[in-house]
Amino acid sequence: MSPAQARADVIVVGAGIVGSACAHELARRGLDVLVLDDRRGGATAVGMGHLVAMDDNPAELALSAWSLELWRHLAPDLDDASAYRNCGTLWLAADDVEMAAADAKRATLAAHGLDCQLLGARALATAEPALRDGLHGALRVAGDGILYAPNAAEWLLAKGGARIIRHAAQVVQVCGNLVRLADERWLRADAVVLANGIHAADLCPDLPLRPKKGHLLITDRYPGRIHHQLVELGYVTSAHASEGTSVAFNAQPRPTGQIFLGSSRQFDTLDRRVEGPVLARMLRRALDYLPGLAGLNAIRSWTGFRAASPDGLPLLGPHPGQPGLWLAVGHEGLGVTTAPASARLLAAQLFDERPPIDPTPYQPQRFPLAQSAVPAQEARP
Amino acid sequence: MSEHYDLLIVGAGPAGMAAALAAAPSGARIALLDDNPVPGGQIWRDGPGAHLPPLARRLRDGLERHAIPVWSGTRVVAAAGPQALLLEDPTRGWRVRYDRLILCTGARERLLPFPGWTLPGVTGAGGLQALIKGGLPVAGERLVIAGSGPLLLASAATARAAGAHLLRIAEQAPLAALARFTAGLPRWPGKALQAARLFDHRYRAGSHVLEALGDDRLEGVRLWQDGSTVELACERLACGFGLVPNTQLAEALECALRDDAVAVDDWQATSRPHHYAAGECTGFGGSELALVEGAIAGHAAVGEQTQARRLFPRRQRWQRFADALARDFALDPRLKTLARPDTLVCRCEDVPYAALAGRDGWTDAKLVSRCGMGACQGRICGGAARVLFGWTPPAPRPPLSPARIETLLCLEDEA
Ligand SMILES: Cc1cc2nc3c(=O)[nH]c(=O)nc-3n(C[C@H](O)[C@H](O)[C@H](O)COP(=O)(O)OP(=O)(O)OC[C@H]3O[C@@H](n4cnc5c(N)ncnc54)[C@H](O)[C@@H]3O)c2cc1C
Ligand SMILES: Cc1cc2nc3c(=O)[nH]c(=O)nc-3n(C[C@H](O)[C@H](O)[C@H](O)COP(=O)(O)OP(=O)(O)OC[C@H]3O[C@@H](n4cnc5c(N)ncnc54)[C@H](O)[C@@H]3O)c2cc1C
């Protein structure tokens with residue numbers, strides 16, 4: 001059986017926030033896109049949806065800052081269900097060392113043109129009275145926000161109108177610009193974009209992706225307790241760890257009045273179960289910062305997997321060994337934030353244009369990726 | 001260090017009480033817990049408006065005589081390690097370890113959405129019963145009861161005893177099925193008598209609710225009856241469409257299910273060693289079946305196979321009654337079509353039917369609509385979605401019901 005030409009210019013594998021943003025961008029540029037997703041669900045369905053400027057390295061800052069700008073630009077058109085709020089982030093400093101780190105972060109972000117200011121202990125207590133006494137202050141980043149990512153992904157796809165066709169199907173093999181579906185059909189398009197998160201490694205085993213498990217918990221509705229996304233500065237240390245289990249305080253005010261708590265990081269497990277000891281450690285950390293949470297009711301906890309690359313940056317661009325295959329994977333704990341800019345970077349490379357930021361740090365060829373696996377016999381065009 | 005018991009029993013309804021009393025003479029260290037204020041479960045729910053039958057009193061007295069600790073107002077929040085549970089009551093959260101566990105978590109009413117079902121004045125059939133036993137005055141109020149199964153009759157009896165003016169019991173099962181069921185009743189002592197007291201001219205077979213009418217509260221109900229629609233003015237409508245086994249805790253403990261109920265063998269043992277289940281969480285069948293299953297589980301859990309086996313014939317008799325119930329009160333597929341596009345399915349999050357129809361499954365629907373994401377975590381709309389769309393919600397995650405964050409801190413130590 002020879003592969004059928006998909007009735008589309010591009011096939012996108014995965015309808016999470018990244019695949020949806022890619023499809024949206026390609027449709028905006030006039031291409032017909034076929035989006036394949038088997039609805040197994042991914043990180044988009046479980047993540048926190050904090051839109052946050054991260055500056056662990058210049059490339060991360062360049063991508064996240066640009067992407068935040070794109071989200072703010074989309075915001076007025078987003079539907080209610082996407083629940084975008086420009087609540088800003090407070091990076092909390094527990095002591096002098098962290099206050100110095102806050103100041104350094106301020107300098108970095110400000111140099112990049114981001115609106116941010118340091119709050120002293122008193123200003124912090126006024127802004128967020130539920131925080132414990134004794135914190136030294138915080139860095140407020142005004143442009144950050146939150147998003148309900150599953151519905152934002154739906155919205156991005158819907159905005160593509162007739163140019164985006166969605167098909168519920170499992171992809172079991174990719175080979176350059178060919179994909180094989182679970183029903184043994186092969187489809188071909190001018191380009192295939194692999195955007196199926198942690199599962200990309202099933203289809204392309206050479207991708208250097210590791211799962212990083214995270215726990216989250218949500219409370220019942222308690223409106224008005226907190227106002228910003230609250231993150232401890234120690235979060236950066238937790239997010240950087242490459243082994244072991246770490247937790248950091250991260251709290252989000254949901255538009256429903258619920259309080260959404262993170263976060264934990266664990267390596268190399270794909271067990272979805274909530275682990276009591278990890279959850280409890282994470283909550284103890286949260287109580288360190290918000291003691292008033294102790295008596296509030298939690299209604300649910302769950303877990304998810306971030307797709308982590310060795311350098312923490314996503315892989316955006318052509319697969320060096322498989323002509324016709326493009327990668328948009330490895331977004332770790334920041335893919336909701338960086339989806340729109342990732343899509344722009346990918347599209348710019350597909351159209352052979354110069355994007356507003358340098359694409360090199362994100363290009364897949366920085367890793368040793370294998371040549372195309374020989375396509376199955378029947379697949380040869 | 002957490003507390004330890006030889007045998008822990010969750011649920012103090014007929015099954016849980018019978019299990020505790022069967023196991024007590026063995027000398028095992030037993031504890032019984034339940035989220036209601038007093039033991040009795042759904043059927044013997046206590047309160048200012050309740051009249052407890054002698055059997056219920058005897059069971060309660062038995063628990064006292066054996067000095068079995070009963071933790072009332074206590075919920076299981078989560079599994080907390082290999083053989084341990086995390087519990088919460090109004091004042092504290094704590095961990096309890098056990099050698100053997102018996103799940104007697106019972107069942108809850110199945111509520112199905114129809115236009116107007118969220119109006120004040122509309123409740124579940126068992127729900128109304130519980131409200132009356134809790135002291136809700138209904139004297140002189142006009143009442144319609146609709147849905148399916150013997151619980152409608154029990155609810156009617158309670159409401160009439162409390163002075164409600166019962167206009168109609170609308171049973172969705174067709175007359176032929178009911179005739180078959182009642183013809184079999186004499187085989188089960190007591191049941192025929194119960195039925196005779198309850199059936200009367202207000203009872204209609206093959207009849208179901210179409211809509212609850214009213215603006216700010218219930219003013220009337222439109223029913224399908226004898227092939228046409230009728231409207232009745234009333235202040236109360238109580239609807240229940242059979243029972244759904246409470247399997248959340250069993251699922252959290254990774255016990256296998258069969259037909260949406262906890263799967264058990266002859267000894268009431270679940271698929272997980274040292275874990276037993278009895279009563280309506282293993283499938284509905286009435287309090288008599290729950291009692292005998294509970295006793296078998298209690299004996300089996302303390303190693304008394306002979307005593308357990310002696311009860312097998314009794315269980316079998318009541319199991320036949322349960323099978324007849326399941327067969328004759330099967331839900332009419334038309335009940336799936338009552339909801340309109342704007343009828344709420346999820347009350348916690350105000351999600352209408354139209355937001356769910358056409359989605360790919362429970363998880364997909366939940367993600368885009370927030371259905372099941374509220375405080376009840378899909379306990380109500382999940383049961384409805386199962387009937388309406390054939391969706392199965394995934395196994396529950398902790399907490400099994402809303403729990404204080406400080407309680408969850410006890411999960412830190414799994415030793
Ligand atoms: C606990 C946690 C907290 C997070 N918090 C944040 C945060 O606050 N801010 C932030 O920006 N990011 C956060 N993230 C990260 C963010 O959620 C992810 O980076 C992002 O959702 C990744 O999106 P994606 O589209 O690449 O992948 P996914 O969302 O995983 O989507 C992949 C899609 O592909 C489909 N699929 C997979 N395999 C196949 C196949 N073989 N065939 C067909 N379809 C397939 C799946 O069904 C799925 O829909 C968090 C992640 C986790 C786990
Ligand atoms: C709403 C309702 C009303 C009913 N009214 C009648 C009636 O009037 N007459 C009649 O003959 N039959 C009635 N039934 C049916 C009757 O309950 C059963 O036939 C039978 O008695 C079931 O006994 P059981 O012990 O299996 O369960 P139940 O009596 O349901 O007892 C289960 C107990 O476990 C508790 N529980 C469950 N999960 C947890 C947890 N995680 N933590 C702590 N506690 C937990 C529940 O609160 C409950 O008290 C009713 C059923 C329902 C659902």
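Here is how names work: the chains are called A, B, and so on, in the same order as the sequence lines, proteins then strands, and each is numbered from 1. Note that the structure is a prediction, hence the values are computed from the model and not measured.
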Do you know which two heavy atoms are closest between [X] and [Y], and how far apart they sit?
X       : Y       : result
S301(A) : P398(B) : OG-O, 2.6 Å
P399(B) : A298(A) : CG-O, 3.4 Å
D220(A) : A375(B) : OD2-CB, 3.9 Å
L367(B) : A45(A)  : CD1-CB, 3.3 Å
R404(B) : A294(A) : CB-O, 3.8 Å
M373(B) : Y148(A) : CE-OH, 3.3 Å

Measure distances from C348(B) to the heavy atoms of chain A and classify the residue's part below 4.5 Å as side chain, backbone, both or neither. backbone
Any chance you could measure [X], atom [atom1], to [Y], atom [atom2], to the nearest 0.5 Å?
X       : Y       : atom1 : atom2 : value
D38(A)  : D360(B) : CG    : CG    : 10.5 Å
R300(A) : L400(B) : CZ    : CG    : 11.0 Å
R281(A) : L411(B) : CZ    : CG    : 14.0 Å
M282(A) : L409(B) : CE    : CG    : 11.0 Å
N151(A) : S369(B) : CG    : OG    : 8.5 Å

Between E412(B) and R285(A), is the closest basic N to carboxylate O distance under 4.0 Å? no
Is R221(A) salt-bridged to E349(B), cutoff N-O under 4.0 Å? yes
Part of [X] within contact of chain B (heavy atom distance under 4.5 Å):
X       : value
T44(A)  : neither
T219(A) : side chain
P277(A) : both
R284(A) : both
E275(A) : neither
L217(A) : side chain

Close side-chain approach of R397(B) to T303(A), heavy-atom, < 4.5 Å: no
Looking at [X], I want to see if its [atom1] is surrounded by more than 12 non-hydrogen atoms of other residues, nucleotides or ligands under 6.0 Å.
X       : atom1 : value
R273(A) : CZ    : no
R258(B) : CZ    : no
D268(A) : CG    : yes
D342(B) : CG    : yes
D77(A)  : CG    : yes
R272(A) : CZ    : no

Highest number of heavy-atom pairs under 4.5 Å with chain A among L408(B), L86(B), T363(B), V368(B) belongs to V368(B)
Which residue in the set I259(A), N297(A), L287(A) passes side chain to side chain contact (heavy atoms under 4.5 Å, CB included) when paired with I405(B)? L287(A)
